[in-house]
Amino acid sequence: MTKSQITNHSHARYKSPGVLQMGWVMAVLRLKTVFLITIVSIIIAPAVCRAEYDYIDITNPFLRKIPIAVPVFKNTSPNKTAAQAERQASDLLADTLEFTGYFKMLDREAFLVDPQSDAIYSVVNFHNWTGIGAELLVTGQILVIDNLVEMELRLYDTFKEKLLVGKRYNGWLKDQRKMVRRFCSEVIFFLTGNRGFFDSEFAFVSTGSGNKEVYICDFDGYNPRQVTDTKSITISPAWSSDGKWIAYTSYVNGNPDLYIKNLKEKRGVVIAKKGINTTPSWVPGKFELAATLSFSGDQEIYLLTGTGKIIKRLTYTWGIDISPTWSPDGKKMAFVSKRSGAPQIYIKNIKSGQAERLTFVGHYNTQPSWSPKGDKIVYAGMAKGRNNIWVIGVDGDDPVQLTQNEGDNESPTWSPDGSLIAFSSTREGPSRIYVMTAYGTDQRRLLTLPGKQTEPKWSPIIINK
Amino acid sequence: MRKKLWISLALLFVIPGLLFTVSCAKKTVKEDTAVQEQQAEEDARIQAREAEQMERQRRMEEERLQEQEAARLRMMAAEERFLSEDIHFEFDSSNLLPEAQEILRWKAAWLQNNQNIQVTIEGHCDERGTNEYNLALGDRRANSAKSYLMDLGIYGSRVSTISYGEERPADHGSNEAAWAKNRRAHFTIE
């Protein structure tokens with residue numbers, strides 16, 4: 001597509017350049033018959049049937065960050081009280097894209113174009129962007145009327161001078177964040193062929209209330225909220241693969257019992273057998289989970305239904321067996337066992353019943369988490385009394401240490417697309433949650449709350465939140 | 001004249017009579033006082049004896065109470081010792097060290113002497129491991145202490161166990177001394 005085609009295409013969309021068409025959406029919203037449906041997206045770009053994956057190959061550990069420019073959006077609102085909206089939205093978009101670790105965000109100070117001029121939107125002069133090294137460009141136009149917003153967002157390849165993704169969103173102003181995330185999701189899908197993680201959340205444990213309780217926040221640490229109120233010790237949260245259920249261990253009735261709760265409907269069951277009832281791990285795509293129970297006097301892993309009934313016992317070795325994690329196809333389970341004398345990670349083939357030891361480096365390897373692609377297992381390995389995050393191929397090849405010399409690093413968990421790993425760390429004092437790429441780069445804190453934050457568990461993509 | 005004589009005669013009889021009466025009454029009073037004095041002496045002796053007896057009883061009672069108190073204190077001290085004396089473990093281990101076994105033998109004897117008591121054994125870990133695995137390790141620590149007590153003849157039904165993993169450290173420090181203190185089985189009475 002040539003430059004002229006893009007501009008023609010753009011003009012064709014506007015009856016009067018610079019003013020977006022909100023008429024029918026606003027009419028619908030004003031009727032107040034629609035409560036929660038707030039985002040309408042219209043594809044502007046000629047349908048890109050197939051994403052072009054050559055931009056970002058997420059399997060490449062030496063990924064070069066793509067320089068991207070995200071100028072402040074053009075604000076076309078008649079009322080300038082909405083003046084902060086364009087800055088907020090463009091900052092959020094830049095932060096959200098940067099969170100992925102794929103991009104090098106270019107400094108707005110270096111931009112050659114006034115973001116409020118037409119030059120940025122109606123007619124893009126790509127030389128202004130290639131000149132400062134940007135390979136990708138996101139432009140936006142935002143119109144705010146009362147508490148309604150319309151946003152049009154575009155992703156360009158500045159060297160090919162090509163529109164890659166274009167979307168228009170209408171809705172409530174308070175849903176601006178959702179619109180930006182949805183667009184980022186489109187961008188990542190176009191560039192990587194993968195849906196990303198913008199519709200995911202974290203479950204984690206925090207002591208802010210004085211006790212360990214389970215909290216949930218968005219993938220970027222936004223909107224943390226407490227979801228259990230046990231006033232007791234509550235630990236070990238685990239998401240079902242549809243994101244609708246959460247299982248955790250709580251001492252609310254004195255003993256460490258296992259709770260299985262539907263997040264929306266506030267119903268569920270408790271498994272309260274003698275001994276410990278803990279480390280739930282949901283079987284991908286099923287309403288079943290593995291968990292460690294010790295009612296027999298030995299800590300063994302069992303397969304349970306989502307309603308708390310034991311389907312079968314999965315481990316039969318005397319000594320601790322704990323912390324199951326499933327391969328994406330549900331055919332194998334990795335877990336921690338002390339059968340060799342010290343905690344090591346094993347992989348069990350459910351059908352054959354055979355278990356093989358995976359980790360041989362170090363004397364204390366725990367907390368395995370199977371990657372969404374199925375090829376790797378991330379875990380916490382201890383050396384010299386310190387835990388660090390390691391990743392190993394499921395064939396046992398090449399354990400690689402991802403964190404070092406920065407406090408205790410524990411509880412690793414994969415983003416649903418496998419591109420990032422979150423974990424807890426005491427590197428800055430009290431335990432906090434951090435995020436890094438799957439290769440250990442770009443380590444940063446996710447959020448800071450009162451107390452200590454531990455045991456992050458990244459949710460699957462949650463559709464219809 | 002004759003009338004006067006009669007009066008005089010009458011007086012002659014009456015006055016000494018009166019006098020006699022008076023003196024007689026006086027004499028009776030005197031005798032009563034003596035009796036009373038005797039009685040009082042007797043009473044005093046009895047009282048003294050009683051007091052002495054009471055004092056003796058009181059002393060005995062006191063001694064008994066003291067003895068009882070001492071016994072109670074000894075029992076309390078024993079109970080206190082039972083509750084406060086934790087057994088300790090090596091890193092990543094639920095094996096009972098010789099010292100731990102000695103403490104458990106004493107605890108078993110105490111439980112034999114206090115048959116109506118039910119106990120809970122809490123298994124704890126230091127912070128160095130990871131918390132999921134430590135929950136299992138604490139479970140094993142509590143269970144190995146329980147098994148040892150059962151081997152020494154304590155009914156399993158009297159002993160329950162709970163693991164707190166690394167969730168309830170006795171010492172919040174992050175050093176070897178704190179870790180050693182935290183790798184423990186702690187006893188409580190229900």
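Each chain gets a letter, A, B and so on, in the order its sequence line appears, and its residues count up from 1. In this text, all values refer to a predicted model and were calculated from it rather than measured experimentally. Quick note: numbers below take in every heavy atom, side chains included, and nothing from hydrogens, waters or symmetry partners.
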Rounded to the nearest 0.5 Å, how far does [atom2] of [Y] lie from [atom1] of [X]?
X: Ile320(A); Y: Asp92(B); atom1: CD1; atom2: CG; result: 7.0 Å
X: Gln299(A); Y: Ser163(B); atom1: CD; atom2: OG; result: 8.5 Å
X: Asn211(A); Y: Glu167(B); atom1: CG; atom2: CD; result: 11.0 Å

Can you name the nearest heavy-atom pair linking [X] to [Y], along with the distance?
X: Gly254(A); Y: Ile162(B); answer: O-CD1, 2.8 Å
X: Asn143(B); Y: Gly297(A); answer: ND2-O, 4.1 Å
X: Ala136(B); Y: Ile322(A); answer: CB-CD1, 3.7 Å

Leu135(B) vs Thr292(A), test: side-chain contact (heavy atoms from CB on, under 4.5 Å). Steps then yes/no.
CA-CA 10 Å; Leu135(B) 199 63; Thr292(A) 291; over 6 Å; no

Proximal component of Phe91(B), with respect to chain A [non-hydrogen, under 4.5 Å]:
side chain

So for Ser147(B), is it side chain, backbone, both, or neither that comes closer than 4.5 Å to the heavy atoms of chain A?
neither

What residue among Glu455(A), Glu410(A), Met382(A) forms side chain to side chain contact (heavy atoms under 4.5 Å, CB included) with Thr130(B)?
Glu410(A)

Atom [atom1] of [X]: over 12 foreign heavy atoms under 6.0 Å:
X: Glu55(B); atom1: CD; result: yes
X: Lys338(A); atom1: NZ; result: yes
X: Glu190(B); atom1: CD; result: yes
X: Asn405(A); atom1: CG; result: no
X: Gln38(B); atom1: CD; result: no
X: Glu176(B); atom1: CD; result: yes
X: Lys332(A); atom1: NZ; result: no
X: Tyr155(B); atom1: OH; result: no

Does any part of the side chain of Ser236(A), heavy atoms only, come nearer than 4.5 Å to the side chain of Asn131(B), both counted from C-beta?
no

Would you check if Asn387(A) and Arg128(B) make a side-chain contact, meaning some heavy-atom pair closer than 4.5 Å?
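With C-beta onward as the side chain, the pair stays apart.
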
Start with the C-alpha gap between Glu127(B) and Asp408(A), add the side-chain angles, then the distance that decides, and say whether side-chain contact (heavy atoms from CB on, under 4.5 Å) holds.
CA-CA 10 Å; Glu127(B) 62 175 3; Asp408(A) 262 299; over 6 Å; no

Side chain, backbone, both or neither: which part of [X] has a non-hydrogen atom closer than 4.5 Å to chain B?
X: Lys212(A); result: side chain
X: Thr278(A); result: side chain
X: Ile233(A); result: side chain

Pairing donors with acceptors under 3.5 angstrom, does anything connect the side chains of Glu132(B) and Thr279(A)?
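There is no such pair (donor and acceptor under 3.5 Å, judged by atom type) between the side chains of Glu132(B) and Thr279(A).
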
Relative to the ring of Tyr133(B), is the ring of Tyr364(A) parallel (under 30°), tilted (30 to 60°) or perpendicular (over 60°)?
perpendicular

Ranked by heavy-atom pairs below 4.5 Å to chain B, first place among Gly319(A), Pro343(A), Ala380(A) goes to Pro343(A)

